[in-house]
Colleague: 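My questions all concern the structure below.
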Amino acid sequence: MNFENLSILSVRHVDAPHRVTSAEIQDQLSETMARLGLPPNLLEAVAGIQERRFWNEQTQPSDAATQAAELALEDADLDRSKLGVLINTSVCRDYVEPSTACLVHGNLKLADTCMNFDVGNACLAFLNGMEIVGNMIERGQIDYGMVVDGESSRFLIESTIARLKRPETDMATFREEFASLTTGSGAVAMILARADLAPDGHRFRGTFSRAATEYNHLCVGQVDRGVTDTKGLLVAGVGLSKETWAGAQEALGFDETEVDEYCIHQVSARHAEQLAANLEVDLERALMIVGEFGNIGPASVPIVLSKARDLGRIRRGDRVVLAGIGSGLNCSVGEVIW
């Protein structure tokens, strides 16, 4: 999918305020881990995650997404009445209904002509949201669109800890729920625009995607419980990523030597290292945040992009690759000329 007239006008993130260390979680699970013969620093040693963030208890996903959206609007200096669509891509939601997009739309007091809806595709949804906005802009339906995401891992992690502390927890249960402890909280928003209306924007050239839905059982999540085949997910995910990476280079017309910065979805430090080794890409060109923020789901890739910009890692004209993979499995690689 190649876009001819599409730019990123702004991207802004918000870090959740409360740091929760892996050491604190491991302390709470110390009796279970000792009984199962697990090392006391398992989260840090296996996942490479030292800490993650929690929002205040009363903060809803729509509240977090609204904070990021206000920053993105301020940065873009855009009259919000010009937005033609708002898409929320959060895995976490305030309610089953209405949509979280509807709540954010109301918080932002957007025009009644601005469409709003949620898109769900696990950790890949934000990239899908960018594609949908891009298609709407390219066909002339709208001039500007926003994608938002607010993730909150507090309830999932606290529920998982309570369950794993039970005396009947066995090794199989611990292994299949371990990945839930790696999740983190954060929020991000991006405004996309017709490139000819945004001369200072950053060209979003498009994406290439592949699916491997024969692996749709490897990571299954509910609000309070996630079950993951971590090893199976790693093996299948790396295989799908290799196929997607090769297809993206051909479809978008670049090779690895031309990439200045990678913004990749970060499940764990070990997953990122394995992925980079198999794709033969230089991880030094990827800003790694998973050790400090955990796996922030679909918000991960745009938050990495926002942080890389803030840190001065990307400059005007740089070729930036966005790469994500979601439970199911689905994988997308996109390209931005910054």
Side-chain angles (χ1 to χ4, degrees), residues 16-33 35-36 38 42-43 46-47 49 51-65 88-101 103-104 118-126 149-187 215-230 232-233 265-268 290 293-300 326-329:
H18 303 290
R19 295 177 186 270
V20 179
T21 67
S22 293
E24 292 175 276
I25 293 175
Q26 289 160 173
D27 283 345
Q28 295 185 64
L29 294 172
S30 58
E31 288 188 18
T32 301
M33 295 172 73
R35 176 169 55 80
L36 297 176
L38 297 169
L42 189 66
L43 266 171
V46 173
I49 296 173
E51 60 188 44
R52 76 283 294 137
R53 302 294 185 95
F54 281 0
W55 300 104
N56 294 330
E57 288 190 23
Q58 68 274 20
T59 301
Q60 296 279 6
S62 64
D63 299 324
N88 169 70
T89 64
S90 311
V91 169
C92 299
R93 303 187 58 175
D94 297 34
Y95 310 106
V96 173
E97 62 177 338
S99 71
T100 305
L103 301 172
V104 177
D118 288 352
V119 167
N121 193 14
C123 293
L124 198 60
F126 198 98
D149 194 296
E151 303 296 341
S152 178
S153 61
R154 176 189 284 272
F155 183 63
L156 175 60
I157 289 180
E158 291 180 345
S159 299
T160 301
I161 291 172
R163 203 163 34 251
L164 295 183
K165 288 175 71 173
R166 296 172 181 171
E168 63 268 29
T169 295
D170 58 14
M171 182 63 83
T173 301
F174 195 97
R175 282 177 176 162
E176 67 183 15
E177 296 201 31
F178 175 79
S180 297
L181 303 175
T182 68
T183 56
S185 306
Y215 300 114
N216 60 17
H217 59 288
L218 294 180
C219 181
V220 181
Q222 297 285 6
V223 174
D224 64 340
R225 184 169 184 256
V227 175
T228 305
D229 176 350
T230 305
L233 195 63
H265 173 49
Q266 297 171 25
V267 177
S268 74
V290 69
F293 295 94
N295 176 6
I296 323 175
S300 177
S327 300
L329 294 170

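Computed over heavy atoms, backbone and side chain alike; hydrogens, waters and symmetry mates excluded. When a residue number appears, it is its place in the shown sequence, counting from 1. Every value quoted in this text rests on a predicted model; they were computed, and no experiment measured them.
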Colleague: What residues form a salt bridge (Lys or Arg N to Asp or Glu O under 4.0 Å) with D94, not counting sequence neighbours?
Modeller: none
Colleague: Between atom NZ of K165 and atom CD of Q28, what is the distance when rounded to the nearest 0.5 Å?
Modeller: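 Atom-to-atom, K165:NZ and Q28:CD are 5.5 Å apart.
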Colleague: Do M33 and F174 touch side chain to side chain, with heavy atoms closer than 4.5 Å?
Modeller: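 They are in contact (side-chain heavy atoms under 4.5 Å apart), so the answer is yes.
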Colleague: What residues form a side chain to side chain contact (heavy atoms under 4.5 Å, CB included) with S327, not counting sequence neighbours?
Modeller: A122, C219
Colleague: Where the side chain of E151 meets the backbone of G184, is there a donor-acceptor pair that is under 3.5 Å apart?
Modeller: no
Colleague: Can you find a heavy atom in the side chain of T182 that is under 4.5 Å from one in the side chain of S268?
Modeller: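 Answer no - side chains too far apart.
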Colleague: Could you tell me the separation between the CG atom of L42 and the CD atom of Q26, rounded to the nearest 0.5 Å?
Modeller: 7.0 Å
Colleague: Measuring from atom OG of S300 to atom CG of L124, what distance do you get when rounded to the nearest 0.5 angstrom?
Modeller: 11.5 Å
Colleague: Can you name the closest pair of heavy atoms from A125 and T89 and give their distance?
Modeller: O-CG2, 3.4 Å
Colleague: Any luck finding a side-chain donor-acceptor pair between D27 and S30 under 3.5 Å?
Modeller: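 The answer is no; no qualifying pair exists.
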Colleague: What closest approach, in Å, do I161 and I25 show between heavy atoms, and which atom pair accounts for it?
Modeller: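 Heavy atoms only, the tightest pair is CD1-CG2, 4.0 Å.
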Colleague: Restricting to non-hydrogen atoms, name the atom on S185 and the atom on I296 that form the minimum distance, rounded to 0.1 Å.
Modeller: C-CG2, 3.7 Å
Colleague: Run the side chain to side chain contact (heavy atoms under 4.5 Å, CB included) check on M171 and L38 step by step: do they pass?
Modeller: CA-CA 9 Å; M171 182 63 83; L38 297 169; 3.7 Å; yes
Colleague: Hey, could you give me the CG/CZ distance between N88 and F126, rounded to the nearest 0.5 Å?
Modeller: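 CZ of F126 is found 9.5 Å from CG of N88.
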Colleague: For L164, is there any backbone N or O sitting under 3.5 Å from a side-chain donor or acceptor partner on T169?
Modeller: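 Checked: pair present.
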Colleague: If every non-hydrogen atom of D118 is compared with every non-hydrogen atom of A101, which pair is closest and at what distance?
Modeller: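 Here D118 and A101 meet closest at OD1-N, 2.8 Å.
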Colleague: I want to check something: taking the side chain as every heavy atom from C-beta on, are S22 and R52 in contact at a cut-off of under 4.5 Å?
Modeller: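 Answer yes - side chains close enough.
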Colleague: Mind checking whether L43 and F178 have side chains closer than 4.5 Å, heavy atoms only?
Modeller: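 Side chain of L43 against side chain of F178, heavy atoms only: contact under 4.5 Å found.
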Colleague: With a 3.5 Å cut-off and no angle check, do the side chains of S153 and R53 form a donor-acceptor pair?
Modeller: no
Colleague: Is atom CZ of R163 surrounded by more than 12 heavy atoms (other residues, nucleotides or ligands) closer than 6.0 Å?
Modeller: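 It does: R163 CZ has more than 12 such atoms within range.
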Colleague: Going from CD on E51 to OG1 on T21, what distance comes out if it is rounded to the nearest 0.5 angstrom?
Modeller: 7.5 Å
Colleague: If you look at every heavy atom in L156 and G226, which pair is closest and at what distance?
Modeller: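 What the structure gives for the nearest pair is CD1-N, 4.0 Å.
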Colleague: Measure across A64 and A187 and return the closest heavy-atom pair with its distance rounded to 0.1 Å.
Modeller: O-CB, 3.2 Å
Colleague: Tell me which pairs pass salt bridge (charged side-chain N to carboxylate O under 4.0 Å, His left out) where either residue lies in residues 220-229, with sequence neighbours left out.
Modeller: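 Every salt bridge (charged side-chain N to carboxylate O under 4.0 Å, His left out) pair that includes a residue of residues 220-229, provided the two are not neighbours, is E176-R225, E177-R225.
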Colleague: State, with a plain yes or no, whether a side-chain heavy atom of D63 is found less than 4.5 Å away from one of L103.
Modeller: no
Colleague: Starting at CD of E57, measure out to OG of S152 and round the result to the nearest 0.5 Å.
Modeller: 10.0 Å
Colleague: Treating T100 as the side-chain partner and R93 as the backbone partner, does any N or O pair qualify as donor plus acceptor under 3.5 Å?
Modeller: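 The answer is no, because no donor-acceptor pair under 3.5 Å joins these two groups.
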Colleague: Do L29 and L181 come within less than 4.5 Å of each other through their side chains, counting heavy atoms only?
Modeller: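 Yes, their side chains come closer than 4.5 Å.
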Colleague: Taking everything shown except E31 itself, do over 12 heavy atoms lie less than 6.0 Å from its CD?
Modeller: no
